[in-house]
Amino acid sequence: MTKRLLAAALVAGFLAACVASVLQFALTSPLILAAEKYETAETAGPALAGRALSNPLIVLAHAGHDQAGHDHGGEPQWQPAPGLPRLAFTALATLVSGVGYALLLGAVLVATGRTVTPGEALKFGIGGFLAASLAPAIGLPPELPGIAAAGLESRQLWWVATALATAAGLYLIAIRRGPAAIGIGLALLVAPHVWGAPHGPEEISAMPPVFAAQFAARSLAIGFAFWAVLGLAFGWAWGAVAGRTGHPVRSGVTA
């Protein structure tokens, strides 16, 4: 069972990471580069700001050199170099998170006794998107570089609490389904937003607001594609591994 779960998670995580990485490269990476252009222009003075608007590559070269060697407090700080190394590290991080989420999705499927099929795994994948992407984005939407934000620890705490509460609420509503379970589930869905997400100070930025709106929308779309592929691929890989090893495919518990 453990080997089967791990094998299916590796396949699903790899496929989902490939899809997400391509979409990130096409949809969100240009917005991140544009945001860094404005962020650098704001701190580099009028001369560089003028070049930023006409030639983003010049500004990105300066920004990449500065960020890779130093933070603005004077301490050396390593970061992947702009271009291919940066894309490679982003893809690697997406792959690691994909495999981790696939293991979690598979473990939940097996623990709940559901029959592991692509369709059933897709439903759980959509639930993962709601818990890990959409619900946290209501209070903390995906943000571009240069936007003022609250402290990292407080944002992480709220994100984890929201994801766990949403996942538990969805489980009670969609699987347990009793009147009490539905009531508690609805309360769990609402509780993190009543608590409220932490926010940083409001600051005026030269970056057009449309960039932030596009980034948030595209990030959520990529998140949905990631979780959908993760669910479908896990259900398919679970059956494929069962076919190769001779295990029955009928149930996630007995296989």
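Just so it is clear, the model here is predicted, and its values are computed rather than measured. Starting from 1, each residue takes its place in the sequence as its number.
Across every non-hydrogen atom of Leu109 and Phe124, the tightest pair is CD2-CD1, 3.5 Å. What you find for Pro118 and Leu232 is that their closest heavy atoms are O-CD2, 3.7 Å. Of all non-hydrogen atoms in Ala135 and Thr166, the two that sit nearest each other are CB-OG1, 3.4 Å. Trp238 and Ala8 get closest at one heavy-atom pair: N-CB, 3.9 Å. Considering all non-hydrogen atoms of both residues, Ala12 and Ala102 come closest at CB-CB, 4.1 Å. Pairing each heavy atom of Val116 with each of Gly235, the nearest pair is CG1-CA, 4.3 Å.
To the nearest 0.5 angstrom, Gln214 atom CD is 11.0 Å from Ser219 atom OG. Distance check: Ile126 CD1 to Leu170 CG gives 11.5 Å after rounding to the nearest 0.5 Å. Atoms CG and NE2, on Leu140 and His199 in that order, are 6.0 Å from each other to the nearest 0.5 Å. Separating the CZ atom in Arg218 from the CD atom in Gln24 is a distance of 13.0 Å, to the nearest 0.5 Å. Annotation: the span from Leu152 atom CG to Leu157 atom CG amounts to 11.0 Å, rounded to 0.5 Å.
Annotation: side chain of Phe215 is in contact with side chain of Ile32 (closest heavy-atom distance under 4.5 Å). Inter-residue side-chain proximity for Thr162 and Ile138 is flagged as unmet; no heavy-atom pair is nearer than 4.5 Å. Side-chain atoms of Leu172 and Ile182, non-hydrogen and from C-beta on, never get closer than 4.5 Å to each other. The side-chain heavy atoms of Tyr171 and Val108, taken from C-beta on, include no pair separated by under 4.5 Å. Between Thr90 and Phe25 the shortest side-chain heavy-atom distance does not fall below 4.5 Å. Using a 4.5 Å cut-off on side-chain heavy atoms (C-beta onward), Trp236 and Val241 make no contact. In this structure, the side chains of Phe226 and Leu23 stay at 4.5 Å or more apart for every pair of heavy atoms.
Trp227 pairs in a side chain to side chain contact (heavy atoms under 4.5 Å, CB included) with only one of the listed residues (Leu134, Leu122, Leu130, Leu105), which is Leu105.
Trp158 places a side-chain N or O within 3.5 Å of a backbone atom of Gly196 that can act as its donor or acceptor partner. Ser154 contributes no side-chain N or O that, together with a main-chain N or O of Pro198, makes up a donor-acceptor pair within less than 3.5 Å. Of the possible donor and acceptor atoms, none in the side chain of Ser21 sits under 3.5 Å from a partner among the backbone N and O of Cys18.
In terms of hydrophobic clustering, with Ile, Leu, Val, Met, Phe, Trp and Tyr side chains grouped at heavy-atom distances under 4.5 Å, Leu189 and Leu164 are assigned to a common cluster. Cluster annotation: Leu186 is connected to Leu188 through the hydrophobic network of ILVMFWY side chains, with a link wherever side-chain heavy atoms come within less than 4.5 Å. Hydrophobic clustering keeps Tyr101 apart from Leu92 (ILVMFWY residues linked when any side-chain heavy atoms are closer than 4.5 Å, directly or through intermediates). Hydrophobic clustering (ILVMFWY, side-chain heavy atoms < 4.5 Å, transitive): Ile175 and Val110 are in one cluster. Hydrophobic clustering keeps Ile184 apart from Trp195 (ILVMFWY residues linked when any side-chain heavy atoms are closer than 4.5 Å, directly or through intermediates).
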Exercise. Evaluate side chain to side chain contact (heavy atoms under 4.5 Å, CB included) for Leu5 paired with Phe234, printing each intermediate quantity in order.
Key: CA-CA 9 Å; Leu5 176 61; Phe234 185 89; 3.6 Å; yes
